[in-house]
2 protein chains.
Amino acid sequence: MNEVVENSVDKREAILQGAFDEFCENGFLAASMDRILQTAGASKRTVYRYFESKEVLFQTLMLRQWRVIADNLKVSYRPGVDVREQLVEMGRAQARLYTSPEIMTANKMLMSEILRDPELVREIQNQVDYTASFEQLLKEAAADGALTIANPRQAAEEFISLLKGKAFWPFMLGAPLVSSEEMDAMIDQSVDMMMNQYGA
Amino acid sequence: MNEVVENSVDKREAILQGAFDEFCENGFLAASMDRILQTAGASKRTVYRYFESKEVLFQTLMLRQWRVIADNLKVSYRPGVDVREQLVEMGRAQARLYTSPEIMTANKMLMSEILRDPELVREIQNQVDYTASFEQLLKEAAADGALTIANPRQAAEEFISLLKGKAFWPFMLGAPLVSSEEMDAMIDQSVDMMMNQYGA
DNA sequence: GTATAGGTACACCCAACAGTTTACCTGCAT
DNA sequence: ATGCAGGTAAACTGTTGGGTGTACCTATAC
């Protein structure tokens, strides 16, 4: 054998990695299974042993990506801690996503596919509620008297809108990725606005 | 002849209309030139007389769409008029876009293609600056003493972010189109937030 | 009346590509 | 030693689809 011996888990992983790169570069339709298996160093038969179709391979990857996103968005209210600081923490949770090239590149492609064919990612999409964790934090902060919020859901969405408007969507439309420092400034601006609106 | 006689302008228009429908339904890659000419009731030769390739046909349509958007975003500052009312007017300009099924359907497809292949729409994209008109209005309002805004560009972007976050992006991700009434409420909320942040 | 512009119909070329089939290889476990 | 699980290699199938070539039609202009 020419190559280093790999066990079957590695092979599957290699295929997923190759597919990730190819899908990110070309999108679902223009991605070529031939190129994927070439990148992965696997034969066609092997690819189709692990994944019954291009579509299944794609969905497997997207589910994985969705989990990465969800894992980065976990925050919870800490009573007694300065509420402004906690809003900044919420912003930083989003910022972790917006400043990661790998995540954002994948997001760009994923977004394109969602728009083109919602069915392709429908089930996956419904498994994650981005705003739930933020909404919960704001609700608890309001109950605690730290903020005055009639509609926590709306407030959470407003906050996320501000951050996405500054960092997420511009990148989607071709702007360069924002740095951590720029992101900190953006978080500050957005938190200011939230405090002006909802500060107790 | 089976059909009503058409002059060549009508024929070109029929092709554009057929292409618009097909591209909206299937996106650029999955759109079929055969289906387009069938819908348009034109022969393949005729289509290729007017548009040298699928790509050119697509870009022609997208440029047209871009103009529609730009035309809906024109606002200008009116000294003496209540500034809150003018912010609402800015919101309504956006709302005209967000509540139009035809515009939003086209936008969804267009957005998908921008994400997939920025080159396809690069030149077109740079011809329109959405926020310029809003930024100018805010700047004049600030000069007039009606608002206190250090960074009008940023303020314009924040306002648009709030509105897009409430109406534009949710639709892009599968939510139903918002009605004019819902839109009015969203505009109110967003204007409140702007007034709290930037009110004189 | 005839030439030209614009149109139709339709067979055709060529390339890409998802997925299958077949034949063969190899290391490990029994 | 042998059998099987997991792998490679490569030819093949079937279809789709952008774009072209060719022959023919039909008005209106001159």
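Each chain gets a letter, A, B and so on, in the order the sequences are listed, and its residues count up from 1. Owing to the predicted nature of the structure, the values given are computational and were not obtained by experimental measurement.
- Here Tyr50(A) reaches the OP1 or OP2 of dG7(D): one of its side-chain N or O atoms lies under 4.0 Å away.
- Ring geometry for Tyr98(A) versus Phe168(A): interplanar angle of 30 to 60°, hence tilted.
- For dG6(C), its base never sits under 3.5 Å from the side chain of Arg49(B) at any donor and acceptor pair.
- Rounding to whole angstrom units, NZ of residue Lys11(A) and P of dT26(C) are separated by 15 Å.
- Note: CG (Leu57(A)) to P (dC17(C)) measures 16 Å, nearest angstrom.
- In this structure, Tyr48(A) places its OH atom 13 Å from P of dT21(C), rounding to the nearest Å.
- Gln38(A) places its CD atom 13 Å from the P atom of dA18(C), with the value rounded to the nearest Å.
- Residue contacts shown for Ser32(A) are limited to sugar-phosphate atoms, with no base heavy atom under 4.0 Å away.
- Rounded to a whole Å, the CD atom of Glu13(B) is 13 Å from the P atom of dG7(C).
- With hydrogens and angles left out, the side-chain atoms of Gln38(B) and Asp34(B) include no donor and acceptor closer than 3.5 Å.
- Rounded to an integer number of Å, the gap from CZ of Arg45(B) to P of dC12(C) is 16 Å.
- Taking side-chain N and O atoms only, Ser53(A) has no distance below 4.0 Å to OP1 or OP2 of dA18(C).
- Remark: Tyr50(B) OH to Lys11(B) NZ distance equals 9.0 Å, nearest 0.5 Å.
- Between the side chains of Gln154(B) and Glu158(B), at least one donor N or O lies within less than 3.5 Å of an accepting N or O.
- Look at NZ on Lys54(A): it is 14 Å from P on dA16(C), rounded to the nearest Å.
- Rounding to whole angstrom units, NZ of residue Lys44(B) and C1' of dT16(D) are separated by 11 Å.
- Checking Ser43(B) against Leu29(A), the closest nucleotide of DNA chain C that is more toward the 5' end is the one next to Ser43(B).
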